[in-house]
Amino acid sequence: MSGTTHPSRRGFLGSAIGFAVLAGGGLQVLRDAALAQPTSRAVNAWVTLSSDGEVVIRFASAEMGQGVNTSLPMILAEEMDADWSRVRVEQLDQGPVATFGNPNTGGILFTAGSSSVEGYFAIMRRAGAHARRILIHSAAQAWRVRPGEVTTEPGVILHRASGRRMEFGAVAALPQIVTDVPPVSDADLKPRSAWRLIGTNPDRRDIPGKTRGGTVYSIDVRVPNMLYAALALPPVEGERPVRVSDTRALAVPGVARVIRMPHAVAVLAERWEAATAARDALDVEWTTSSPFRSADTEKDLAETASAARDLNRPGVPWEARGNAPDAIAAGARVIEAEYRTEPTYHAQMEPLAAIASVDPDGRGAEVWLGTQSQTVSIAAAAQALETTPDRIRFHAMQMGGGFGRRTFFARDILRDALLLSREMRRPVKVMWTREDDIRNGWFRPATAHHLQAVLSPEGRVTALRHRVASPSVLAFAAPQRWAAANNRDILVMEGTESTDYAIPDFLAEHVILERRARVSAWRGIGWGPNLYAREAFIDELAEAAGSDPVSIRRQLLASSPRGLAVLDTVVAMSDFGRPPPRRAHGISFAGYKATLGAGVAEVSLNTDTGEIRVHRFWAAVDSGIAIHPKNLEAQAEGGIIFGLSGLLKERITISGGEVQQANFHDYEPMRIHEIPEVRIRIIESGAPPSGAGEIGVPMTGAAVANAVHALTGKRLRQMPFTPDRVKQALST
Amino acid sequence: MPTLIVNGRSFSVDAEPETPLLWALREHLGLTGTKFGCGAGLCGACTVHLDGEAVFACQTPIEAADGRAVTTIEGLSNTGDHPVQRAWVQEQVPQCGYCQSGQIMRAAALLAANPRPTREEIIDAMSSNLCRCGTYPRIIRAVERAAGEV
Ligand code: FES
Ligand code: FES
């Protein structure tokens, strides 16, 4: 039942925040001091009641902008019948996975794959119903009536027969509460018609703090006596420092020490400015033997493409229905095409940072980290110190963006903070600069897609084969999971399965190549590249079949009513195919796990510069029951902008093993003047809730490529669609 | 030793004169609402006001701020009720929130200088600030909402 949340953070931040608030007027400080301590009482693992009427609801996902701090507690509050205005929310820092794990992310505390609402919906409902039952039984005992006669209204327990009422908060002050209540079954949950909270749009709980500079990210954490560490990291992955001259670095005032680590050289200083200045003054000679020295994104992508094309190279089947290779061999009319994507970087706005304060015995620590997985990070910390997880006191901080960058991967910087803190016997904050973050990024890998399809004489798609060539992301990011995965890489291949499309003979397969860079999931995971390739190809098939982009998709979606609904909706929203002069529309169907969507892009093109302008983007999204429709809309909108940014502008290149980009001047995400007008319609199919954080990404690639084709007759076969590449396509 | 006047209070900061204001605020004064995003004047996460004008704190050495009025997100209003902050709440702008101090400071400076900006002027002013979460449409709506109220 235990589990810890944030309050401890207050202590050490007190001085900083106290100052900040005093400078702004001092009101908050006074109010805090005047508060008497009310009694509080844990009702179950998720809910604590306070005698002043406050209901504290915990949530186990990690907040990185997606709004789980509001959507997850809303689900619980609904079943508990809590008064939302009296609810306070708390993110879980750590806790037993049996109680708090997300069944959709391996049963641990791990926030990824848009799975928070999907995975916790049933858990939060049952926890809320359980808490409500405890309140009812406790009040019934106090009133000496049968629990069956007691009911609730938001924030209040009622015994109608006698007219007695008890505020939720009063339960906290009862001499005794009844926790031994009959188990909650699904039949005990509220019917949808009784929902008061789910489906409404209360303000997000985190937003006031985020408009006042009060939200604390890991990069903001300051601990008394803390040292700052800047790292000199190798120019190429895998190189090690062989010679370090640190005379100049040590002469920088405030520098405490220079420490050579196996993979880096750390400079520790009393101030961050000193740490970075000293790092820049270091003279480090690195080994030159890393196999990654030969990494070259341009050459590697050409090889990736030929591996996808070479049907003699075996692929690992991801999804097979019927027999696509035979159907293609026998097909009278076979269409083939190739698509490619280049590596992208997360560009989360908060560069990585980790803070560790190792105990005097070196076998335990307090840790502050923005991470998508509390469980994995705690295990990584324990491993770094060769200790057990119970010795790690963990603070899961608000993340300044995740997008896949902080899934399993915050572990290196966390390890460094721990080892340096143990060595220095002081708390240490390791920070990466933006340059560190890009040059040592974990990128969405380049992919090549070889697609083949059979068209029947009536123009139906009767077979489809989608071969994806790329390194395995899972093998690098989560080696333990990979060991048990049978070469099936969910982080690359998911999305290719195309189960919404009725295609009798189907094969999706993965040609696994050696990794040439650090690789990871990126918002949209495999769905982004895979759906760009497939949906651009579907438009080619429509053209070859003498059909059109909408008809062919309607035919393919014939047995998917939800799929048809999003498609038809976006066609109507956009008045598809009737753009203003000099613009064109492109459409893409998209899925993301159980969520379905469809998007239409309206583009124009400057043929002199090759610059694509996306003017408007419409999307219809069905992610099942919408807990908080406005937030869902915000997530879909953000995903679309993220996707467009990637496909229009973003590209990581590597030469001689070195990442060529360094900061936002040469890796520049979309700015405000470049965005289209975005219109989202949420379709409530009544299906169980699924995620919305990523559905925006996979619909963007093909929508834009297909629109450019409608405008110019040219196919954009490689992402990103940068001006030089567009001009090249126009000239062929 | 440069003297900084931050949110109406004076501090002498024990740091080299060329130290970026960003680090003086964050590390020396504990005002962590001003964020580090790039350190190169490219993202706007560090935007603060210097004598009322929006500047990149990462590009402003403390000697250049010596004796001038610095306003950070913590000092924009007493209780978070500056019209721009209110509009940010009403439009539910932030997602991860990391860029938002900078966005708000940029928008507040714009409206102070130009209380009724056109949509074009809003977009033009806000284009120096990146938001990776894609909150731009709501930023535009929030600035439009706050316009005229400052
Ligand atoms: S941190 Fe100053 S502009 Fe990015
Ligand atoms: S809200 Fe996350 S970067 Fe803007």
Side-chain angles (χ1 to χ4, degrees), chain A residues 15-16 19-21 23-25 27 64-67 203-204 206-217 219-220 222 228 271-273 347-351 398-403 433-434 630-631 634-635 637-642 645 663-665 668-673 675 677-678, chain B residues 6-9 15-16 19-20 23 26-40 42-43 45 72-80 84-86 88-89 92-101 104 122-124 126-140:
Chain A
S15 55
F19 164 75
V21 172
L27 289 173
M64 55 189 130
Q66 77 280 44
D203 281 3
R204 270 176 61 157
D206 53 338
I207 283 182
K210 289 175 178 175
T211 63
R212 296 170 193 180
T215 302
V216 181
Y217 302 78
I219 205 166
D220 300 329
R222 297 158 74 234
Y228 294 86
R271 297 280 181 204
W272 173 246
E273 318 86 84
Q348 79 290 347
M349 287 302 296
E350 181 199 10
Q398 163 73 46
M399 287 172 265
F403 315 120
T433 61
R434 180 60 59 186
K630 279 256 153 23
N631 187 50
Q635 287 303 298
E637 185 173 84
I640 287 165
I641 291 168
F642 198 99
S645 178
N663 207 321
F664 292 134
H665 62 287
E668 187 188 41
M670 202 172 226
R671 291 184 182 273
I672 199 166
H673 60 277
I675 60 160
E677 193 184 313
V678 182
Chain B
V6 181
N7 302 332
R9 284 178 49 172
E16 299 300 316
T19 303
W23 302 115
R26 288 179 54 84
E27 315 292 7
H28 294 249
L29 305 184
L31 291 170
T32 55
T34 304
K35 301 303 186 197
F36 165 61
C38 67
L42 298 165
C43 75
T72 71
I73 185 74
E74 293 91 343
L76 184 62
S77 64
N78 283 342
T79 53
V84 171
Q85 288 168 308
R86 285 209 314 267
W88 245 246
V89 173
Q92 295 279 290
V93 175
Q95 290 189 21
C96 85
Y98 195 78
C99 72
Q100 300 293 348
S101 301
I104 288 168
I122 293 171
I123 289 172
D124 195 47
M126 300 309 295
S127 66
S128 52
N129 289 48
L130 286 171
C131 173
R132 185 52 155 171
C133 296
T135 67
Y136 297 133
R138 287 168 185 235
I139 288 174
I140 297 170

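Please read these numbers as outputs of a predicted model, since none were measured by experiment. Numbered from 1 within each chain, the chains take letters A, B, ... in sequence-line order.
A:Arg434 approaches B:Cys38 most closely through the heavy-atom pair CB-CA, 3.9 Å. Pairing each heavy atom of A:Pro208 with each of B:Val89, the nearest pair is CA-CG2, 4.5 Å. When all heavy atoms are compared, the tightest approach of B:Arg132 to A:Ser645 is NH1-OG, 3.4 Å. Residues A:Arg671 and B:Ser127 share a closest heavy-atom pair of NH1-O, 2.9 Å.
For A:Asp206, the part lying near chain B is the side chain, with the backbone staying farther off; criterion is any non-hydrogen pair under 4.5 Å. When heavy atoms are compared at a cutoff of 4.5 Å, A:Ile641 approaches chain B solely by way of its side chain, counted from C-beta outward. Interface residue B:Ile139: only side-chain heavy atoms are found under 4.5 Å from chain A. Contacts between B:Asp124 and chain A at a heavy-atom distance below 4.5 Å are absent for every atom of the residue. Neither the backbone nor the side chain of B:Thr72 comes within less than 4.5 Å of any heavy atom in chain A. For chain B, the nearby part of A:Ile675 is the side chain; its heavy atoms alone come within less than 4.5 Å. For A:Glu273, the part lying under 4.5 angstrom from a heavy atom of chain B is the side chain only. Heavy atoms closer than 4.5 Å to chain B are found in both the backbone and the side chain of A:Met349.
Put simply, CD1 on B:Ile104 and OG1 on A:Thr211 are 5.0 Å apart, with the number rounded to the nearest 0.5 Å. We find the OH-CD distance between A:Tyr228 and B:Glu27 to be 3.0 Å, quoted to the nearest 0.5 Å. A distance of 9.5 Å separates CD in A:Gln348 from OH in B:Tyr98, rounded to the nearest 0.5 Å. One distance of note links CD of A:Glu668 with SG of B:Cys43; it measures 11.5 Å at 0.5 Å rounding. Within the model, atoms CZ of A:Phe403 and SG of B:Cys133 stand 4.0 Å from one another, a figure rounded to the nearest 0.5 Å.
A 4.5 Å side-chain heavy-atom check between B:Cys96 and A:Glu350 finds every atom pair outside the cut-off. Side-chain atoms of B:Arg26 and A:Asp220, non-hydrogen and from C-beta on, do get closer than 4.5 Å to each other. A 4.5 Å side-chain heavy-atom check between A:Arg204 and B:Gln95 finds at least one atom pair inside the cut-off.
Ranking A:Lys210, A:Met399, A:Gln66 against chain B, the residue ahead of the rest is A:Lys210, based on heavy-atom pairs under 4.5 Å. Ranked by non-hydrogen atom pairs under 4.5 Å with chain A, the options B:Lys35, B:Arg86, B:Glu16 are led by B:Lys35. Looking only at heavy-atom pairs under 4.5 Å with chain A, the residue among B:Ala15, B:Gly8, B:Gly37 that has the most is B:Gly37. Note: A:Asp203 leads A:Ile640, A:Asp203, A:Thr215 in heavy-atom pairs under 4.5 Å with chain B. Contact count versus chain B (heavy atoms, under 4.5 Å) is highest, among A:Arg271, A:Glu637, A:Glu677, for A:Arg271. Looking only at heavy-atom pairs under 4.5 Å with chain B, the residue among A:Gly401, A:Pro351, A:Gly402, A:Gly639 that has the most is A:Pro351.
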